[in-house]
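Read the numbers this way: they start at 1 and go in the same order the structure lists the ligands and their atoms.
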Amino acid sequence: MSENVSYTNVHRAFLQACSNHGTLSTSQAFNMYVAICAQHDDSHSIPSEADLASVIEAINERIYRFDQKIALVHYDPTDMDFYVFVSLQESPIDLQQNVFTAPELHFFRVLLRELALSEDHTLALIACLNLTNDTASEGMKPLAKTRAEQLLQEWEQLGYFLTLDDKCYLGPKAVVEFEKYISRNYADVVTRCCLCNVTIFYGVKCASCPQILHKDCMKKYLRRLTNCPACKTLWSVPL
Ligand SMILES: [Zn+2]
Ligand SMILES: [Zn+2]
């Protein structure tokens, strides 16, 4: 597709930045791209959003073979767009064995499980920290709460979790990277958006039926139609 587009130091530096940060809002990503161009691009042309999109496309063509990609994600809890560096491996947490101890990784899995199983996929922050007790049940020394707090902050910066109003959510990176893992391990609780058929964790709920839909999907749908796609009653929830 882009055989004639050269893969430059701008591509390399942007990929490095994405993999280091894990998750970047689109404006953070663009600012980073502008800074990288100033450092590596001698052409002195003014970088545009479209240039960034084609740089990301070229990067994705390269890293696809390593089961990685930079995905653009609309994240409904904050109504923001993020670029997320994603590993599409079967079980991406196992890749972190060098970085985190066994009880720390166990805490991560328990957090994922509890967020997957909770009805609205959120947990009170205090409940998250209490999950450290769960690490003791497996014959491991329980994780100290202070360490758990540090880990939550670290994982939040990478985009695995997100706290809003003292509640913990699956972050933009987890929603994409662990979609397969969660839908395979917790198949009973996973629902799909009936408009795009992708697993949905957060979105907007119909006022008349239990259906949850991605805000973006529902916005597009309401340009043509006025009823809930599931129960057919007039859509009344503001988007
Ligand atoms: Zn959808
Ligand atoms: Zn409905």
Practice task
Compute whether any side-chain donor of one residue and acceptor of the other, for Glu177 and Ser87, lie under 3.5 angstrom apart.
Solution key: no
Problem - Charged tip of Arg12 within 45° of Tyr7 ring normal and under 6.0 Å - result: no
Handout entry: Heteroatom of His214 nearest to the Zn ion (ligand 1) (N, O or S, atom name)
Key = ND1
Fill in the blank from the handout: Output field for angle at the Zn ion (ligand 2), Cys228.SG vs Cys209.SG, rounded to 10°, should show 120°
Practice task
Decide if the gap between the ring center of Phe100 and the ring center of Phe107 is smaller than 6.0 angstrom.
Solution key: no
Handout entry: Cys194 near the Zn ion (ligand 1) via N/O/S, less than 2.8 Å
Key = no
Fill in the blank from the handout: ang(SG Cys217, the Zn ion (ligand 1), SG Cys196) rounded to 10° is 110°
Practice task
Establish, from distance only, whether the side-chain atoms of His11 and Thr8 form a donor-acceptor pair under 3.5 Å.
Solution key: yes
